[in-house]
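To find a chain, count down the sequence lines: A is the first, B the second, and so on, and within it residues start at 1.
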2 protein chains.
Amino acid sequence: MLSPANHNSSLLPDTHPCNGCDARDLAICGVLETDDLDTFRRLGCSIDLCDGQSLFHQGDAATRVFTVTLGMLKSFRILADGRRQVTGFHLPGDFVGTSVDQEHQFAVEAVGKSRVCAFPVNRFDGFIEEHQPMQRELYIAATRELVQAQQQMVLLGRKTAMERVASFLVLLSDRLGHGSVVELPMRRSDIADYLGLTKETVSRVVSELKRSRMIRLRAIERTEILDRTRLDSLAQGDG
Amino acid sequence: MLSPANHNSSLLPDTHPCNGCDARDLAICGVLETDDLDTFRRLGCSIDLCDGQSLFHQGDAATRVFTVTLGMLKSFRILADGRRQVTGFHLPGDFVGTSVDQEHQFAVEAVGKSRVCAFPVNRFDGFIEEHQPMQRELYIAATRELVQAQQQMVLLGRKTAMERVASFLVLLSDRLGHGSVVELPMRRSDIADYLGLTKETVSRVVSELKRSRMIRLRAIERTEILDRTRLDSLAQGDG
DNA sequence: CGTTCGATTGAGCTTTCTCAAGCACAGTGG
DNA sequence: CCACTGTGCTTGAGAAAGCTCAATCGAACG
């Protein structure tokens with residue numbers, strides 16, 4: 001198993017105060033009756049994570065499934081020499097760790113203070129076995145993620161640095177923007193590793209976007225989109 | 001809708017001689033009883049495609065689902081200015097066009113002579129609704145594809161040209177290699193658009209791999225892997 | 001008020017791309 | 001049977017986007 005040197009995350013404690021999940025943050029709540037939802041909640045165990053804390057590493061046994069209930073997580077994969085690719089950011093309602101393999105193919109860590117709800121796989125599988133609508137919901141979630149992953153392939157394979165950053169801002173604005181303000185809780189290096197760039201290039205491009213008045217930085221983690229139209233067309237690759 | 005100028009594929013005829021599918025090439029045959037499989041076969045309609053012929057374009061209404069029964073298909077997305085990203089190659093047994101959206105997000109074309117089995121979505125959905133094991137099978141297929149897509153993100157975001165080509169050869173060797181010989185029915189430009197490179201770079205890297213005796217070209221579309229170990233470690237990023 | 005850690009900016013370098021020419025092979029018609 | 005032509009592959013030379021390394025900046029915190 002890989003265990004990169006510059007890895008400051010601590011392992012997840014195996015036992016943890018178990019206080020159930022907040023139903024509102026479970027993605028599947030929409031397809032479950034109140035009783036069933038209650039049953040489902042009780043299968044899980046809430047876990048708090050602080051910034052950079054690891055939920056699991058690549059190669060770990062896939063013994064639990066998670067839903068994000070608070071904050072943000074990132075999943076990534078690391079090559080032998082330390083090169084890292086962030087494959088996604090996960091928000092409340094997202095499933096994490098639903099692998100068909102015995103081992104996790106990717107690592108998952110918290111971005112800022114976060115909370116997840118953990119389900120032992122056997123209990124989780126047992127539950128969805130008995131709840132058809134949830135099976136379908138999981139399938140739809142996987143398919144959506146797949147389309148998202150394919151969009152990301154286009155970005156990584158064919159877009160310029162500026163188009164990548166524009167796409168990223170537009171994506172986050174759609175997922176967690178309040179009006180024209182986008183929260184960026186992750187580090188520049190996380191963005192860089194998500195976009196297949198270096199943190200320096202991300203920094204330079206953000207500066208360029210500021211200079212051309214498409215965005216403004218309220219704070220380092222609070223970006224305001226000033227010209228959504230131009231940012232959109234940049235993101236689409238016809239800017 | 002995008003319709004790039006240099007696009008020589010012809011549209012799929014709406015009506016076509018319907019002669020059913022070969023059961024052996026349907027991915028799901030493993031989870032269906034003989035009777036059910038027979039029923040399933042009859043829902044579909046076999047379609048032959050010649051090289052470069054389009055199954056559907058991005059933006060087309062998603063009215064049918066397909067399984068590949070012969071040959072190979074590629075799915076891809078094109079940006080406004082013609083830049084193209086191939087997101088995957090599909091072999092017999094693979095599902096294609098199983099979108100949750102009303103419109104296809106990606107285009108699919110044949111690589112060489114190919115054959116698919118087409119199912120109207122409503123009939124397809126109706127069938128899987130009544131066959132639990134198939135739902136599960138579809139979910140597993142989607143999850144596998146997702147992991148594969150994430151691996152591809154690592155490749156596109158963080159690997160060098162040489163590592164990308166090595167990864168590609170290893171991948172294809174695992175999927176359709178006979179011993180150490182890999183069939184490459186697609187064009188160099190398809191490989192390039194899959195790996196986020198130019199066809200010139202792919203050509204140069206292949207030449208370099210030949211020069212360093214890791215591979216040998218029996219014919220242009222028949223590559224023999226001479227040093228699998230070295231190619232593997234290159235592909236993993238620690239060569 | 002100093003320290004620390006991440007973000008920014010700069011200068012030079014490397015990898016890959018672009019553009020262009022030449023090559024190989026299959027299909028076609030004289 | 002062989003030149004002709006078209007298409008895709010290869011190779012080369014110069015250009016460009018983004019990377020690396022290094023210095024500086026700036027906010028948070030003790």
Please report the distance, rounded to the nearest Å, between [atom1] in [X] and [atom2] in [N].
X: B:Lys199; N: C:dA20; atom1: NZ; atom2: C1'; value: 11 Å
X: A:Asp193; N: C:dG6; atom1: CG; atom2: P; value: 14 Å
X: B:Arg188; N: C:dC23; atom1: CZ; atom2: P; value: 19 Å

Check: Please walk me through it: do A:Arg84 and A:Asp190 pass salt bridge (Lys or Arg N to Asp or Glu O under 4.0 Å)?
Finding: CA-CA 9 Å; A:Arg84 190 180 71 147; A:Asp190 290 332; 2.7 Å; yes

Checklist line | Pair A:Ser212, A:Arg230: side-chain N/O donor-acceptor within cut-off below 3.5 Å | finding: no

Between N or O atoms, less than 3.5 Å apart, protein on one side and nucleotides 24-27 of chain C on the other: list the pairs.
none

Notebook entry, point to check: Is the shortest side-chain N/O distance from B:Arg187 to OP1 or OP2 of D:dC9 below 4.0 Å?
Noted result: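 No, B:Arg187 has no side-chain N/O under 4.0 Å of OP1/OP2 on D:dC9.
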
Notebook entry, point to check: Would you say A:Ser114's side chain and A:Met72's backbone share a donor-acceptor pair under 3.5 angstrom?
Noted result: yes

Checklist line | Residues in contact with DNA chain C, drawn from residues 206-226 of chain B - heavy-atom cutoff 4.0 Å | finding: none

Next item on the list: Mind running side chain to side chain contact (heavy atoms under 4.5 Å, CB included) on A:Gln151 and B:Arg77 for me, showing each step along the way?
Entry: CA-CA 8 Å; A:Gln151 307 270 22; B:Arg77 196 172 167 88; 3.6 Å; yes

Notebook entry, point to check: Is there any ring-ring contact (aromatic ring centres under 6.0 Å, His included) pair reaching into residues 210-239 of chain A, and which pairs are they, with sequence neighbours excluded?
Noted result: none

Note to self: Suppose the criterion is ring-ring contact (aromatic ring centres under 6.0 Å, His included): which pairs have a residue in residues 170-220 of chain A, not counting sequence neighbours?
What the structure shows: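 Every ring-ring contact (aromatic ring centres under 6.0 Å, His included) pair that includes a residue of residues 170-220 of chain A, provided the two are not neighbours, is A:Phe89-A:Tyr194, A:Phe168-A:Tyr194.
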
Notebook entry, point to check: Are any of the side-chain nitrogens in A:Asp94 or A:Arg175 under 4.0 Å away from the carboxylate oxygens of its partner?
Noted result: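 Salt bridge flag = yes for A:Arg175 with A:Asp94.
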
Next item on the list: Taking only Lys NZ, Arg NE, NH1 and NH2, and the carboxylate oxygens of Asp or Glu, determine whether A:Arg83 and B:Asp238 approach each other closer than 4.0 Å.
Entry: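 Looking at A:Arg83 and B:Asp238, the cut-off is not met.
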
Note to self: How close do B:Gly71 and B:Pro92 get, counting heavy atoms only, and between which atoms?
What the structure shows: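 That closest heavy-atom pairing would be O-CD, 3.3 Å.
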
Which atom pairs, one a donor and one an acceptor, fall under 3.5 Å between side chains of residues 201-209 of chain A and the rest of the protein, sequence neighbours left out?
residue  : atom : partner  : partner atom : Å
A:Thr201 : OG1  : A:Thr198 : OG1          : 3.0
A:Ser207 : OG   : A:Ser203 : O            : 3.0
A:Glu208 : OE1  : A:Arg211 : NH1          : 2.8

Identify each atom pair where a protein N or O and an N or O of nucleotides 14-20 of chain D are less than 3.5 Å apart, giving names and distance.
residue : atom : partner  : partner atom : Å
D:dG18  : OP1  : A:Ala161 : N            : 2.7
D:dC19  : OP2  : A:Thr198 : N            : 3.4
D:dC19  : OP2  : A:Thr198 : OG1          : 3.2
D:dC19  : OP2  : A:Thr201 : OG1          : 2.5
D:dT20  : O4   : A:Arg204 : NH2          : 3.0

